[in-house]
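To start, the structure itself, in structure tokens.
Positions are given from 1, in the same order as the sequence printed here. Values reported hereafter were calculated over all heavy atoms of this structure, with side chains retained and with hydrogens, waters and symmetry mates removed.
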Amino acid sequence: MSSTSQKHRNFVSEPMGEKDVTELAGIGEVLGGKLKEKGFDKAYVVLGQFLVLKKDQEMFMDWIKDECGANKKQGGDCYNCLKEWSFVSDLQGSLASTTLANEPDKYGETIAVVFELTKRTQEMLFADWAQ
């Protein structure tokens, strides 16, 4: 059984925007401070490294341990947070692209549908993890 923290659920349920690195699951003030000192001040900068490492868990875990001293739990929480955020973001993009291609005149309605589907998907995933 897997479980996620409230911090994880909050992070993946919202757009990345300008979120501070400490908003990532597994990254508190101490690790966040170390990451900031090395230029990883925003969550999207850490996401960039996650993508550069091709979403590979082992490479990401080694990198975050080397950069800020994250232990396995902290690194795993951060990795899982970015992995799920990426999945949800990809899902939203795919659904929006498909729907917009079929009905471009319903842009506003389409975005609402995409976000509702994403919300429902997240609720189902969280319900499965809670069992």
Side-chain angles (χ1 to χ4, degrees):
M1 167 175 67
S2 290
S3 69
T4 57
S5 66
Q6 186 62 47
K7 188 174 182 181
H8 173 108
R9 291 188 297 273
N10 290 344
F11 188 88
V12 301
S13 69
E14 302 170 348
M16 180 77 62
E18 293 289 324
K19 289 182 181 178
D20 192 83
V21 68
T22 58
E23 292 188 51
L24 286 162
I27 306 299
E29 292 300 321
V30 173
L31 296 183
K34 292 177 181 180
L35 287 168
K36 287 176 185 180
E37 288 174 7
K38 296 189 176 188
F40 297 92
D41 59 333
K42 300 290 183 186
Y44 66 79
V45 181
V46 177
L47 173 67
Q49 185 65 27
F50 170 80
L51 296 173
V52 165
L53 297 173
K54 300 182 179 181
K55 303 180 185 180
D56 182 273
Q57 185 172 12
E58 184 177 340
M59 290 194 311
F60 183 83
M61 298 284 284
D62 288 344
W63 171 80
I64 201 156
K65 179 182 177 186
D66 292 344
E67 287 300 310
C68 67
N71 63 33
K72 286 184 179 182
K73 168 114 174 58
Q74 294 162 326
D77 287 350
C78 185
Y79 172 83
N80 288 327
C81 185
L82 290 169
K83 182 179 174 186
E84 185 176 337
W85 186 91
S86 295
F87 171 77
V88 170
S89 179
D90 288 347
L91 178 64
Q92 288 173 338
S94 295
L95 289 172
S97 295
T98 301
T99 307
L100 289 173
N102 293 331
E103 306 219 21
D105 58 323
K106 295 185 179 179
Y107 181 80
E109 184 179 328
T110 298
I111 297 302
V113 168
V114 168
F115 284 106
E116 182 60 29
L117 288 172
T118 301
K119 181 180 173 189
R120 289 181 188 176
T121 301
Q122 288 175 339
E123 288 170 355
M124 289 187 303
L125 289 171
F126 295 143
D128 288 344
W129 288 329
Q131 294 179 354

**Request:** List for me each residue that meets side-chain contact (heavy atoms from CB on, under 4.5 Å) alongside Met59, sequence neighbours excluded, and say none if there are none.
**Result:**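 With sequence neighbours excluded, Met59 shows a side-chain contact (heavy atoms from CB on, under 4.5 Å) to Leu53, Asp56, given in chain and number order.
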
**Asked** Who pairs with Lys7 by side-chain contact (heavy atoms from CB on, under 4.5 Å), at least two apart in sequence or on another chain?
**Response**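 Ser5.
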
Show me the donor-acceptor pairs within less than 3.5 Å that the side chains of residues 28-40 make with the rest of the protein, sequence neighbours left out.
| from | atom 1 | to | atom 2 | distance (Å) |
| --- | --- | --- | --- | --- |
| Lys36 | NZ | Asp20 | OD1 | 3.1 |
| Lys36 | NZ | Asp20 | OD2 | 3.2 |
| Lys38 | NZ | Glu67 | O | 3.1 |

**Prompt:** With a 4.5 Å heavy-atom cut-off, do Leu47 and Ser86 have their side chains touching?
**Reply:**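 The answer is yes, as the side chains (C-beta and beyond) meet within the 4.5 Å cut-off.
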
**Message:** Does any part of the side chain of Val45, heavy atoms only, come nearer than 4.5 Å to the side chain of Val21, both counted from C-beta?
**Reply:**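 Val21 does not reach Val45 side chain to side chain.
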
Would you be so kind as to tabulate the donor-acceptor pairs closer than 3.5 Å made by side chains of residues 68-80, with sequence neighbours excluded?
| from | atom 1 | to | atom 2 | distance (Å) |
| --- | --- | --- | --- | --- |
| Asn71 | OD1 | Lys73 | N | 3.0 |
| Asn71 | OD1 | Gln74 | N | 2.7 |
| Asn71 | ND2 | Gln74 | OE1 | 3.4 |
| Lys73 | NZ | Asp77 | OD1 | 3.4 |
| Lys73 | NZ | Asp77 | OD2 | 2.7 |
| Gln74 | OE1 | Asn71 | N | 2.9 |
| Tyr79 | OH | Lys55 | O | 2.9 |
| Asn80 | ND2 | Gly76 | O | 3.1 |

**Prompt:** Are Val52 and Trp85 linked, directly or through other ILVMFWY residues, by side chains that come within less than 4.5 angstrom of each other?
**Reply:**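 No.
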
**Lys NZ or Arg CZ of Lys19 over Phe11 ring: under 6.0 Å, within 45°** =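 Pair Lys19/Phe11 counts as cation-pi.
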
**Message:** Just to verify, what does Gln6 make a side chain to side chain donor-acceptor pair (under 3.5 Å) with, not counting sequence neighbours?
**Reply:**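 For Gln6, the residues satisfying side chain to side chain donor-acceptor pair (under 3.5 Å) (neighbours in sequence not counted) are Arg9, Asn10.
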
**Asked** Just how far is it from atom CE of Met16 to atom NZ of Lys42, taken to the nearest 0.5 Å?
**Response**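 One gets 12.0 Å once the value is rounded to the nearest 0.5 Å.
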
**Among Leu82, Ile64, Leu24, the one residue meeting side chain to side chain contact (heavy atoms under 4.5 Å, CB included) with Phe50** =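 It is Leu82; the other options fail the test.
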
